[in-house]
**Student:** 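Sharing a structure, written as structure tokens. Questions coming.
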Amino acid sequence: FSFTVGDYLAERLSQLRIFHHFVVPGDYNLTLLDKLDANANLNEVGCTNELNCALAAEGYARCHGIGVCIVTFSVGAFSAFNGIGSAYAENLPVILVSGAPNTNDTHRHLLHHTLGEHDFTYQYDMAKRITCCAVQIRAAYQAPGLIDRALRASLLERKPAYIEIPTNLAGETCARPGPLTALTSPVPSDDDSVEAAVVWTSDFLDSKQKPIILVGPKLQRVGAQRQLLCVAEQLGCAVVLQPAAKGSFPEDHAQYAGIFWGQVSTLAADVVVNWADVVLCIGTVFTDYSTVGWTNPPTIPQIVADTTSVTVPGPGSAAHFSNVRLAEFLHRLAESASRNDRTIAEYNRLRVDPPLAPATLDRQSPLTRCEVARQVQALLTPETTVFADTGDSWFNGIHLSLPHGARFEIEMQWGHIGWSVPAAYGYALASPGRRIVVLIGDGAFQVTAQEVSQMVRSRTPVILVLMNNGGYTIEVEIHDGPYNRIQNWDYAALVQAFGPGPGSLEDTTVSGEDNMEGGGGGKEAGWAQGLRARTAEELAQATQKALEHQLGPTLIECVLDRDDCNRELITWGHFVAVANARKPVT
Ligand SMILES: C/C(NCc1cnc(C)nc1N)=C(/S)[C@H](O)COP(=O)(O)OP(=O)(O)O
Ligand SMILES: [Mg+2]
């Protein structure tokens, strides 16, 4: 048995406990897929297309910490690039592995799936732009070093990486891998810089009266939630989160003061932020969307604790401390910051009454967004993970109150409509036993609906709550036009077309030996439950059926009035529209 390039990659994935890799086969990657298949610890997960393949790996990385997708050259990789863009924007380690032409085919040959010219180095050039490390294996002996370099870079920088493996090298022999610590050993911070950053931060906080903590999406990407909790409880101040950071601090905590999102904040978070006189920004990202069209940039002095550096305003000039890893900084700050709970004391005076659950409705009246939100809220348990897709679903998701232990996933930086279907699928495979609830609009669903069929195949019980408001409502609120209308689908019937009906034994002669986890071998086949809810009563029945269905996904199409959206979406849309419309600066 000779140890090959494909075995090397398989062994590293197995060591990293990446037990599911997402694939779309093509003749440039088949030998490689065989090698991964030969590794007993790995499960190949077929996807319907390369966009969904990359987004499934992105969702897997949200749970497991790193994900892998394997595609064919050019015609496959181009679609995967959009999912890799998401991983880059969202700071997630996703490894894009692409098959590539035979090393004997050089610039004298024209090849299928390429742009039809002699130079096909373009894919590697493009990959360099959207990853932190891109490697091309051109000879088998290079594979161990290049594969390790890409994997380590991705893990350290929390960014995607690219590995290109020619079709005739995957089966060529190479050296075996050494210990995994070569890839996973942490890079320590510079001690003196951590110490100095902590002293400066403590002093600056002491020079102020009303400190508050603002948490951004990069905190959970470096896994520093525990250290955040320690700092928060040491300081005793109010803690608010940017919308893309929802879920990174417990919402049942006495110091939680809501989502800070300018005019569309929740729980009066903006009132206490505007009352504070210094904000400790932890892993924050200020964009046009998170500042509501630039109308809410931080105006008070900020201490910025980023993933590998800290910047502190000074009495004179500010000070910047490089090579300070966030978790270490927070751990040390928790040991030295002085207590100052003025902002949470003030917040407790401002605390808004919890929204009263609407009075019991006429259960037969037309379904409303508020009623959907009320019933989704009732679905949440400590084992739930909510995915909120781009659209009014962002606002529906942000307003949910997460029970302790519940998690929340959103893709607010890249904002690819439809992301949540493949991403929830990948996440679900990494976290069996968690309840996955997806909030998605009709427009977004039309982009990636096919991946529901893979949930059928692997019998993954994701609950998809589809808000059918007849088109692209977020765009309507930003800037309406005929382009915001879409064809209405029979969503419930569509998903039922993805798999055999309830209780039928899978006819393996039809689908062939399906070696995917959960499917095949005559076991009871997975199937998708498609339901439509036009009233509160129908929704209540549908959610009950969804909870009972464990042999695959359930889609609940909630039929809503076209204009039934969050008032915050309308406010937010107005400000974003103004920002988009700024005249060019001559
Ligand atoms: C078209 C677009 N954004 C532009 C866009 C276009 N293409 C991609 C891949 N991603 C994007 N965000 C957006 S937010 C639609 O309103 C989504 O519609 P839907 O899923 O139906 O949600 P809402 O009705 O709640 O808005
Ligand atoms: Mg819609």
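Residues take their numbers from the sequence shown, with the count starting at 1. Since the model is a prediction, treat every value here as computed from it, not as a measurement. Both backbone and side-chain heavy atoms feed into the values below; hydrogens, waters and symmetry mates do not. Note that ligands are numbered from 1 as they come in the structure, with each ligand's atoms numbered from 1 the same way.
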**Student:** Mind checking what residues have non-hydrogen atoms under 4.0 angstrom from ligand 1?
**Tutor:** Thr390, Gly391, Asp392, Gly415, His416, Ile417, Gly441, Asp442, Gly443, Ala444, Asn469, Gly471, Tyr472, Thr473, Ile474, Glu475
**Student:** Tell me which one of Leu439, Ile436, Ile440 satisfies side chain to side chain contact (heavy atoms under 4.5 Å, CB included) with Phe387.
**Tutor:**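 So the option named by the test is Ile436.
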**Student:** Is the shortest side-chain heavy-atom distance between Tyr88 and Trp414 below 4.5 Å?
**Tutor:**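 A side-chain contact is absent here, since even the closest heavy-atom pair is not under 4.5 Å.
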**Student:** Grab the two heavy atoms, one from Gly443 and one from Ile417, that are nearest each other, plus how far apart they are.
**Tutor:**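 The pair with the smallest heavy-atom distance is O-CD1, 4.3 Å.
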**Student:** Looking at Phe19, Phe22, Tyr427, which hits ring pair (Phe, Tyr, Trp, His ring centres under 6.0 Å) with Tyr60?
**Tutor:**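 It is Phe22; the other options fail the test.
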**Student:** What I want to check is whether the side chains of Thr571 and Gln263 have a donor and an acceptor closer together than 3.5 Å.
**Tutor:** no
**Student:** Restricting to under 2.8 Å, identify the protein N, O or S atoms around the Mg ion (ligand 2) as residue plus atom.
**Tutor:**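 Metal shell, protein only: Asp442 OD1, Asn469 OD1, Gly471 O.
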**Student:** Let me see the working for Phe498 and Arg457 under side-chain contact (heavy atoms from CB on, under 4.5 Å), right down to the final yes or no.
**Tutor:** CA-CA 9 Å; Phe498 285 144; Arg457 204 171 159 204; over 6 Å; no
**Student:** If the condition is side-chain contact (heavy atoms from CB on, under 4.5 Å), which residues does Thr384 pass it with, not counting sequence neighbours?
**Tutor:** Leu380, Thr381, Val386, Arg435, Val437
**Student:** Got a sec, which residues hit ring pair (Phe, Tyr, Trp, His ring centres under 6.0 Å) with Phe575, two or more places apart in sequence or on another chain?
**Tutor:** none
**Student:** Check this for me, if you would: do Arg374 and Glu371 make a salt bridge, where the nitrogen-to-carboxylate-oxygen distance has to be below 4.0 angstrom?
**Tutor:** yes
